[in-house]
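This report refers to the structure that appears directly beneath it.
Only this structure's heavy atoms are used, side chains among them; waters, hydrogens and symmetry mates stay out. Residue numbers start from 1 in every chain, and the chains themselves are labelled A, B, ... in the order their sequence lines are given, proteins ahead of strands.
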Amino acid sequence: MSADNPYTRAPPVPKSLGTKDPLFGFLPRKVTGKQVLAAMESDINPFNKRPHSPQYKKILEARKKLPVFGQMDEFLKMFTENQIIVMVGETGSGKTTQIPQFVCYSDLPHTKGQLVACTQPRRVAAMSVAKRVADEMDVSLGKEVGYSIRFEDMTEPGTTFLKYMTDGMLLREAMNDPDLKRYSTIILDEAHERTLATDILMGLLKDLAKRRSDLKIVVMSATLDAQKFQRYFSIAGPSQPAPLFKVPGRTHPVEVFYTQEPEPDYVEAAIRTVLMIHRAEGPGDILLFLTGEEEIEDACRKIKLEADDLVNQDPDSVGPLICIPLYSSLPPQQQQRIFDPPPPPRTPDGPPGRKVVISTNIAETSLTIDGIVYVVDPGFSKQKVYNPRIRVESLLVSPISKASAQQRAGRAGRTRPGKCFRLYTEKDFMTELEEQTHPEILRSNLANTVLELAKLGVKDLVHFDYVDAPAPETLMRALELLNYLAALDDDGALTPLGAIMADFPLDPQMAKMLIVSPEFNCSNEILTIVAMLSVPNVWLRPPNQRKEADLAKAHLTVPDGDHLTLMNVYNSYMNNKHDRQWCWNNYLSQRALQQAENVRSQLQRTMERYEIELVTTQDERKMWQNIRKALVCGFFMQVAHKEGEKNNYLTVKDNQVVSLHPSCGLDSSPEWVVFNEFVLTTKPYIRTVTEVRPEWLLEYAPNYFDLSTFPDGETKRALQRVLKKRALKVDGGASNGRNSPASDLPAKKRKKTAPS
DNA sequence: GAGCACTGC
């Protein structure tokens with residue numbers, strides 16, 4: 001910010017070095033590899049004109065050995081001649097660190113007050129790559145090179161010209177600046193992972209490229225998807241696919257083995273294979289892929305037992321073995337164990353020890369473990385699937401794709417030649433596995449995405465140029481929900497309320513509930529509840545302390561409803577911050593609560609921007625009633641009605657039979673409830689549940705609770721009885737003339753002009 | 001009487 005203030009500036013540097021300037025003679029976007037190489041080898045940093053540090057040259061020498069470095073001139077030529085490039089760089093090619101730097105030398109964004117952006121699907125990647133590149137360019141992180149992720153903007157406006165960021169972050173920026181004018185070039189990295197955000201960005205950028213001829217785009221992906229992207233980005237005409245720039249990787253060969261026959265029990269087969277490798281194969285660590293926490297912990301125990309047996313039977317030829325579980329909900333400290341060295345031999349010249357990491361898909365992309373030589377791949381993972389008919393996302397153990405299997409095998413060849421044992425037949429691999437994992441956009445509830453697209457100015461959501469178009473029914477479901485929430489009008493256009501909702505990083509139901517909550521004098525409470533609903537489960541339940549954990553939970557439970565319990569947990573956490581042991585003593589996840597605190601303050605800032613007041617109700621009973629009313633305004637489509645005597649519920653309109661989830665803290669089973677989630681595990685459950693009154697449903701969501709649209713049944717009859725009773729009351733003089741907040745803007749906002 | 005594949009805003 002203060003770059004022009006001579007008093008706060010870093011050591012003075014000559015404004016112009018004339019012909020000594022390493023960038024002397026550089027014409028933007030007409031730069032050659034020879035020129036860049038000379039500039040890189042200069043004693044002066046071309047971008048801040050300061051002398052290079054001693055380690056700069058050392059790092060440069062290492063960079064020169066990367067496969068991509070040898071093709072710099074070729075890349076720059078293609079960059080000069082094309083607006084959009086598809087680039088394929090296999091593992092170890094150095095594309096993520098080098099290509100953005102090459103682009104900077106050609107674009108010279110710092111001379112135009114612009115930036116080069118490089119997106120990543122994951123926060124850690126954005127941070128760590130930015131750090132690495134800042135070192136390579138000999139600048140400090142957050143100055144010329146920075147990163148931007150949720151909760152952390154490590155950039156300096158006016159100084160930063162190369163920015164690594166999460167794909168979701170760039171999408172957010174596009175909502176406020178659809179032309180992304182600050183960027184001279186946008187690089188989408190890991191495009192083959194097909195995250196929702198990257199898919200939407202590809203659609204936006206393809207369109208934007210037509211409007212902004214000065215914008216260049218580089219899409220980086222794995223080999224298998226390149227053609228698809230080349231065809232998608234053929235903006236010069238259907239017969240002219242986007243040019244492909246290809247760089248070989250630098251990995252070691254991996255030998256792949258298949259089973260002769262299909263394995264009926266993949267966990268058992270996996271354990272057997274791990275022990276076989278341990279007995280018969282040379283030194284090197286093992287990575288085994290399983291599908292979830294329970295399966296992993298179970299396999300760890302079994303392998304440990306069997307390996308101990310082997311060692312006892314044959315201590316002269318079998319070395320010690322340690323098993324390390326790995327999944328995302330493990331605390332970071334335990335995740336670090338994957339980097340522990342394998343155990344030493346039991347005697348100085350005994351057989352070497354071995355490490356086995358048993359992991360979910362997290363080790364397929366997010367985490368790399370050095371020293372892995374053997375991979376055991378049963379061929380399954382848990383995948384999200386969305387059923388638009390019943391509006392439910394669930395996790396299903398499904399066969400992986402060929403691309404995924406290839407990625408898993410590659411994990412064995414990072415340090416030296418390795419082996420991959422696939423626990424399925426080669427025939428099944430060839431004929432049964434899909435080429436690619438279905439992109440997320442085909443497997444998700446799109447309510448959020450559709451609202452984002454509307455805010456991005458996309459008028460026709462159905463005919464938007466998707467790389468892969470979602471099922472029409474999924475889009476219809478999303479449009480229907482947003483229309484009921486009054487975020488979209490009957491023509492599908494964004495309403496002023498919808499524009500505000502889109503600015504909150506929340507599901508539309510929660511955004512709606514938060515925005516209307518001042519009308520019920522409980523925005524302070526709803527803000528807390530929404531933050532708690534946005535973070536992972538806060539309750540810990542270690543397998544050997546279940547009773548203690550359940551007891552601790554019972555102490556914090558508010559019997560009137562799970563939403564109130566969440567609020568109580570958050571408030572207790574804040575009141576006990578002085579006690580470092582408090583979370584641990586109450587079997588609560590410190591990490592999740594800390595995250596809730598972050599989310600809450602981020603949401604509060606967005607509320608302030610729109611002047612949505614933070615208010616509270618003093619009377620506790622009234623407050624609780626108000627909270628439940630606000631819940632109805634967001635979640636009126638997630639209501640269930642009790643049927644019969646047992647804990648059986650029927651969801652309203654959809655008529656799905658559901659049960660209260662065992663984690664539910666209600667001390668009774670009320671007739672009407674709103675729920676936060678419908679989960680399909682061993683059977684259909686509703687989770688995070690609170691009692692509501694049927695009158696509120698009719699009052700705050702009259703469009704949805706238009707009984708003429710209801711299927712016949714007990715739910716409809718119950719609501720008809722409520723209507724009748726209400727009609728009698730109104731005749732008695734207690735008229736209710738208030739506007740329904742479920743279809744209107746918050747009171748405060750009505751007086752102001754809607755923000756653009 | 002069950003769970004939380006993995007990300008992201």
Side-chain angles (χ1 to χ4, degrees), chain A residues 119-126 148-153 165-176 190 193-201 289-297 325-330 359-367 380-385 393-398 400 404 407 437 439-441 443-444 448-449 451-452 455 501-508 510-511 531 534-543 546-547 549-550 553 589 592 595 598-599 602-603 605-606 647 659-665 677 679-688:
Chain A
T119 67
Q120 296 293 321
R122 282 167 292 279
R123 300 162 49 108
V124 266
S148 175
I149 59 178
R150 188 183 187 184
F151 305 128
E152 201 182 351
D153 183 7
M165 65 203 302
T166 46
D167 48 8
M169 207 68 199
L170 185 60
L171 197 55
R172 285 269 144 194
E173 281 190 19
M175 295 199 326
N176 293 314
E190 314 287 2
E193 289 194 25
R194 303 292 305 276
T195 63
L196 253 171
T198 295
D199 261 32
I200 298 301
L201 282 171
F289 286 100
L290 291 177
T291 65
E293 172 175 348
E294 200 181 309
E295 212 172 77
I296 287 168
E297 294 291 354
L326 178 63
Y327 42 88
S328 77
S329 60
L330 274 178
S359 171
T360 60
N361 257 5
I362 194 171
E364 201 179 294
T365 48
S366 308
L367 278 170
F380 292 95
S381 71
K382 276 191 194 171
Q383 287 166 36
K384 185 169 73 182
V385 285
E393 281 181 347
S394 49
L395 288 171
L396 265 187
V397 174
S398 329
I400 60 171
S404 198
Q407 178 78 14
T437 311
E440 207 183 351
I441 199 169
R443 298 184 285 118
S444 309
N448 240 328
T449 307
L451 182 60
E452 278 167 12
K455 174 98 179 185
M501 285 168 63
D503 247 7
F504 284 91
L506 292 171
D507 282 342
M510 287 205 258
S534 306
V535 301
N537 186 10
V538 295
W539 309 103
L540 299 178
R541 210 164 176 246
R546 290 197 177 167
K547 270 210 176 116
D550 289 349
K553 186 177 174 188
S589 160
Q595 219 177 319
N598 275 345
V599 173
Q602 188 190 30
L603 295 174
R605 284 195 296 276
T606 308
N647 273 350
S659 311
L660 295 181
H661 194 271
S663 67
C664 175
E677 272 183 301
V679 288
L680 201 58
T681 50
T682 50
K683 61 179 191 175
Y685 285 109
I686 51 177
R687 194 159 55 189
T688 316

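- Within the nucleic acid shown, F504(A) has no heavy atom closer than 4.0 Å to any nucleic acid atom.
- Here the nucleotide nearest the side chain of R122(A), chosen from dC4(B), dG8(B), dG1(B), is dG8(B).
- dC6(B) atom P lies 22 Å from atom CZ of R194(A), rounded to whole Å.
- Separation of atoms OG (S663(A)) and CG (D550(A)) is listed at 10.5 Å; rounding is to 0.5 Å.
- In this structure, Y327(A) does not reach the dC6(B) phosphate: none of its side-chain N or O atoms is under 4.0 Å from OP1 or OP2.
- Whole-Å rounding puts the L395(A) CG to dA2(B) C1' distance at 14 Å.
- Among the heavy atoms of the strands lying under 4.0 Å from E293(A) is at least one base atom, whether or not backbone atoms are also near.
- For R687(A), a side-chain nitrogen or oxygen approaches OP1 or OP2 of dC4(B) to under 4.0 Å.
- Nucleic acid contact for I149(A): sugar-phosphate only, since backbone atoms but no base atoms lie under 4.0 Å from a heavy atom of the residue.
- Side-chain proximity of I362(A) to the nucleotides dC4(B), dA2(B), dC6(B) is greatest for dC6(B).
- No side-chain donor-acceptor contact under 3.5 Å links R687(A) to the backbone of E677(A).
- Computed from coordinates, the Q120(A) CD to dT7(B) P distance equals 14 Å when rounded to whole Å.
- Rounded to an integer number of Å, the gap from CG of L201(A) to P of dG8(B) is 15 Å.
- Place N361(A) and E452(A) on DNA chain B by their nearest nucleotides, and N361(A) ends up nearer the 5' end.
- For N537(A), the listed nucleotide lying nearest its side chain is dC4(B); candidates were dA2(B), dC4(B), dC9(B).
- Residue order along DNA chain B, read from the 5' end via each residue's closest nucleotide, puts S328(A) first among L506(A) and S328(A).
- Side-chain proximity of T166(A) to the nucleotides dG8(B), dC4(B), dG1(B) is greatest for dG8(B).
- Residues A592(A) and V538(A) come closest through the heavy atom pair CB-CG1, 3.8 Å.
- Put simply, T360(A) has a side-chain N or O that comes within less than 4.0 Å of OP1 or OP2 on dC6(B).
- One interatomic measurement links the two molecules: CZ of R172(A) to C1' of dG8(B), which rounds to 10 Å at whole-angstrom precision.
- By the 4.0 Å N-to-carboxylate-O rule, E295(A) lies too far from K382(A) to be salt-bridged with it.
- Of the listed nucleotides (dT7(B), dA2(B), dA5(B)), dA2(B) has the atom at the smallest distance from the side chain of S663(A).
- Phosphate contact (OP1/OP2 of dC9(B), side-chain N/O of R123(A), threshold under 4.0 Å): present.
- Side-chain atoms of D167(A) and T198(A) include a donor-acceptor pair closer than 3.5 Å.
- The side chain of H661(A) approaches dA2(B) more closely than any other nucleotide in the set dA2(B), dC9(B), dA5(B).
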